[in-house]
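What follows is one structure encoded as structure tokens, with my remarks underneath.
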Amino acid sequence: MTEYTSDEMMSVAAARALGDGTSCFVGIGLPSTAANLARRGHAPNLTLIYESGCLGAKPTRLPLSIGDGELADTADAVVSVPEVFNYWLQPGRIDVGFLGAAQLDKFGNINTTVIGPDYANPKVRLPGAGGAPEIAASCREVFVVLRQNPRAFVEKVDFVTSFGHGSGKGDRERLGLPGAGPTLVVTDLGLMRPDPETSELTLTELHPGVEVDQVVEATGWKLKVAGDLGTTPAPTEAELRILRDLKRASA
Amino acid sequence: MTEYTSDEMMSVAAARALGDGTSCFVGIGLPSTAANLARRGHAPNLTLIYESGCLGAKPTRLPLSIGDGELADTADAVVSVPEVFNYWLQPGRIDVGFLGAAQLDKFGNINTTVIGPDYANPKVRLPGAGGAPEIAASCREVFVVLRQNPRAFVEKVDFVTSFGHGSGKGDRERLGLPGAGPTLVVTDLGLMRPDPETSELTLTELHPGVEVDQVVEATGWKLKVAGDLGTTPAPTEAELRILRDLKRASA
Amino acid sequence: MAELLSLKEAVARLVHDGDTVALEGFTHLIPVAAGHEIIRQRRTGLTLVRMTPDIVYDQLIGAGCASKLIFSWGGNPGVGSLHRFRDAVQYEWPVPLEIEEHSHAGMANRYVAGASGLPFAVLRGYTGTDLPSRTDTIKPITCPFTGEQLAAVPALNPDVTIVHAQRADRAGNVQIWGITGVQKEAVLAAKRSLVTVEEVVDELEPRPGAIVLPSWAVTAVAEVPGGASPSYAAGYYERDNDAYQAWDAIGRDRESFTRWLDELTGVKA
Amino acid sequence: MAELLSLKEAVARLVHDGDTVALEGFTHLIPVAAGHEIIRQRRTGLTLVRMTPDIVYDQLIGAGCASKLIFSWGGNPGVGSLHRFRDAVQYEWPVPLEIEEHSHAGMANRYVAGASGLPFAVLRGYTGTDLPSRTDTIKPITCPFTGEQLAAVPALNPDVTIVHAQRADRAGNVQIWGITGVQKEAVLAAKRSLVTVEEVVDELEPRPGAIVLPSWAVTAVAEVPGGASPSYAAGYYERDNDAYQAWDAIGRDRESFTRWLDELTGVKA
């Protein structure tokens, strides 16, 4: 059996979550890696949408940025940035929004704006919102992918850049948000899903070789663990080959 | 000297009103004839904009309709219909709006909706507004071209499809309309312009061979005549040649 | 993903009695064949939507398919009036026709709002005109930053939009070029959509000025060569102007129209 | 009609101290050379606007040209953070930088409103987020038809917008292809505009996916081959990824940045 890194496990697990024939609004970085891995593997009819206006992009390598010509050259259609947000994202046409995060809290709220309690004098100034607030609001569901550690996985985000489940079950409905919000968080240690009763993120699967304690320690809140905790199947040879080919082609 | 018809005089007079280097939002029919005549004559740098989305069309014949492929094939840019109205007309980028009319009243208000006092049971149902209300509102100024007769030139239009000067001077400012409104009406008998004091349409020029009485009789309100009434120069040989070539190429 | 269907089946499955139906096209690529199929299938009670209702809408109205028309300019472009439309409005023949009347700018923005998943659109429009007094779907709205007053119009979201395009590939991706009008917005605003195309090809070769509607944004595609005739189809045919002229005489009286209708629907005299 | 000018003259005439300036581009066709010319001409007090401020904005901020940034995502795309931006926000170096922060959807719609001559735009946006509490230019608005509450954002109308394009013809018509981003809206929203181009050609050959900005909608065109480097310019060059990586080290501390700046502006050590 081939060795693999925890980052590879994370990308593979994230890719598997994307069903064939669905559409996915993809951010650059980990989400783009996972989405392209899915399209070259089990989901050849996955439609990738990039916020630069590329609908149905089929890149042969991982794009360096959302402005990569490879995305435009391989897309079914290239539209303007206002159009991708207004005509394609906003009406809820897109199945999955695939996001990264700097901070994520136990109700799946995302922070990519500032670290620290004072917006005006932040400890760390992060890049900001980008497309995420409306991706998190409008896609039918949202997957989040990020490496797990207590600085990233916090009780409450310092700034709600993108709304997840707010302060719990029912908050999205109260605000009239159309999509289901974050339904899956993929990390380098396992998978988390909102509890059906409370919407609190709960550990539902461990990656092979990871212990529950490890995940609890890497989480900044008192992590709940599902009663029927599962284990993610290890990456297959085929998955690893595709992922490594993609990475190589993009180096 | 070549003979010419009153319709030809009308088209030539309308064409002359378009300055070189300006931009003109053109309706099909008389306005399109005049605008194309101008572009092939004294105003080669006239930019023609058609509401079908053709910016800078340079047709070699008169288009049969605003969807004529000739307009798209010769345009600098073809944009969507929402774009032509929102990005190009609405912000006031266009110098002249060139409109026809079924009814026109003494303050330059235009009716292309219904004839008769009862909207629900009209004497005659006309085509409706089309692009005219916003052309009349947003272009820097508006020229109207139509044949003069008392049924068309009325004291007060049965329905204000497109706002001219309302009930007189100052109405456009009060409503916050950005453009100057109708500054010129070209007919088969002469030219009319709004009086600088009252905005009432006043006869300022007669076409050659036309008498004031003829125009007064062809007008449904008590027509005022400018003190310094002028005479339109007759069409030149060159103007007639271009006009007839255009008509021939379009037959 | 768009399904490839015959025109007959597509209309049967997508267009129902009482639906709000938009057949769009700005004198170019008018979905005429689809309109005729709706007449043949004898749909009734339709709310027809279009910026520029022309001959095929005159025919649908004359055939009694429509109970309401939402529009901004109704005419036989370059020829004159729509006589069946006039007869319905002025004399309720063959059935009464309610109208909801806008400007082009208003209609275009209503489709934009519909395509954008918004309940309304904002424009500088209708100011000083009599349209707001006759049309309920025009209301004032105030800018929350400047206090300026503008016009609001509600989104149009047809039950089904039908447009004609030059090409589709076998996966149902649609390519349109030339004057593309408001077709993209009308399709994206609708709950269901049908695109009739001149031809289905193996691959959509990119070409200047073309837009592509991805297959997953379209419900059904039907191959109907000549489906826009007598209107223009850039790259395929020019407008058959004689047909537009001829319609003026046919549409002008009820008898000649009824003969035309019987012929279309295959009724023997 | 657009005037053909040198970059130096165009920036001197179009960009003034205290102006609101947008240099747009969505990681493709970034007007980097124009940004450097603004630094060389030592403009100050600028309000910089951009959806995705990247290296060239980091440089403008580090050089002290800007007193405010209106944006939705600031980073070195695919690499990491903008250290000059961080230094300005966290430590007011070299001058304090006010920020006005939106989402991409909000910024895009602000340009759309600006291009459309409207004072504001409506979107489904910001719901539940902390952005409205930190940004004055997000307000609620109610649909006059459904009563639904949405977000309103004010129009962006920069004093000057600068974009980079592939080509212009001698009359000043501009052709852009590939990812065209929000460039058309940013140009049309601005009072004045400058387009730097890879080349000025006799004729703009139509090509798939290209848009054209007519000459009469543009103030000035400057021929600046390589003017978007190190970003992509589809059809001309790929992104110079090493330059993006290298910027991370240069931008990280004030001393190495100052050396870079002295070199750009021709100051001898």
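Just the heavy atoms: all of them, side chains too, but no hydrogens, waters or symmetry mates, feed the values below. This structure is a prediction, so every number in the text was calculated from the model and none was measured. In the text below, chain A, chain B and the rest are named by the order of the sequence lines, each starting its count at 1.
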E148(D) portion near chain A, given a 4.5 angstrom heavy-atom threshold: neither

Write down the atom of S103(D), the atom of A129(A), and the distance for their closest heavy-atom approach. CA-CB, 4.1 Å

Using only atom types and a distance under 3.5 Å, with no angle test, would you say the side chain of E134(A) pairs donor to acceptor with the backbone of Y126(D)? yes

Would you compute the distance between atom CZ of F85(A) and atom CE of M51(D) and round it to the nearest 0.5 angstrom? 5.5 Å

Rounded to the nearest 0.5 angstrom, the CG-OG1 distance for D68(A) and T27(D) is 7.5 Å

Please evaluate residues V78(A) and W177(D) with respect to the criterion side-chain contact (heavy atoms from CB on, under 4.5 Å), reporting the C-alpha separation (whole Å), side-chain torsions for both, the decisive distance (0.1 Å), and the verdict. CA-CA 10 Å; V78(A) 181; W177(D) 69 81; over 6 Å; no

What part of D171(A) is in contact with chain D, defined as an atom under 4.5 angstrom from a non-hydrogen atom: side chain, backbone, both or neither? neither

Of P122(A), P63(A), P178(A), G166(A), the largest count of non-hydrogen pairs under 4.5 angstrom with chain D goes to P122(A)

I99(D), part contacting chain A, at a heavy-atom distance under 4.5 Å: side chain

Considering only heavy atoms from C-beta outward, does the side chain of S52(A) approach that of H28(D) to under 4.5 Å? no

E101(D) versus Y119(A): any side-chain heavy-atom pair under 4.5 Å? yes

Taking CG in D118(A) as the centre, count heavy atoms belonging to other residues, nucleotides or ligands within less than 6.0 Å. Is the count above 12? yes

What do you reckon, is CD of E205(D) surrounded by more than 12 foreign heavy atoms closer than 6.0 Å? no

Could E70(A) and R239(D) be called an ion pair, given the rule that one side-chain N must be under 4.0 Å from one carboxylate O? no

Heavy-atom distance under 4.5 Å between the side chains of S65(A) and Y244(D), does that happen here? no

Quick one, V182(D) with S80(A), criterion side-chain contact (heavy atoms from CB on, under 4.5 Å). Give me CA distance, side-chain angles, the key distance, then yes/no. CA-CA 6 Å; V182(D) 74; S80(A) 74; over 6 Å; no

Sort F26(D) into side chain, backbone, both or neither according to what part of it lies under 4.5 angstrom from a heavy atom of chain A. both

Treating D130(D) as the side-chain partner and F159(A) as the backbone partner, does any N or O pair qualify as donor plus acceptor under 3.5 Å? no

So OG1 of T129(D) and CG of N111(A): to nearest 0.5 Å the spacing works out to 11.0 Å

Check whether A234(D) gets within reach of chain A through its side chain, its backbone, both or neither, counting any heavy atom under 4.5 Å. neither

Given that the side chain runs from C-beta out, which part of L175(A) has a heavy atom under 4.5 Å from chain D: side chain, backbone, both or neither? both

Taking the side chain as every heavy atom from C-beta outward, state whether V81(A) and Y111(D) have any atom pair closer than 4.5 Å. no

When G78(D), G128(D), A108(D), G209(D) are compared by non-hydrogen pairs under 4.5 Å with chain A, the top option: G128(D)

Judged by atom type as modelled, is there a donor-acceptor pair below 3.5 Å linking the side chain of Q90(A) to the main-chain atoms of L123(D)? no

More than 12 heavy atoms of other residues, nucleotides or ligands under 6.0 Å from NZ of K68(D): is that the case? yes

Please examine the side chains of L126(A) and R86(D), heavy atoms only from C-beta on, and report whether any two atoms are closer than 4.5 Å. yes

Rounded to the nearest 0.5 Å, how far does CG of L64(A) lie from OH of Y232(D)? 4.0 Å

Specify which of I135(A), L71(A), V124(A) makes the most heavy-atom pairs with chain D at under 4.5 Å. V124(A)

A quick test of your reading: do over 12 heavy atoms of other residues, nucleotides or ligands sit less than 6.0 Å from NZ of K224(A)? no

Largest heavy-atom contact set with chain A, pairs under 4.5 Å, which of V112(D), I30(D), T180(D), N241(D): N241(D)

Ranking T113(A), I66(A), L177(A), N109(A) by heavy-atom pairs under 4.5 Å to chain D gives rank one to I66(A)

With only heavy atoms counted, which part of F85(D) is less than 4.5 Å from chain A, the side chain, the backbone, both or neither? side chain

Under the 3.5 angstrom rule, does the side chain of R125(A) hit a backbone N or O of V89(D) as a donor-acceptor pair? no

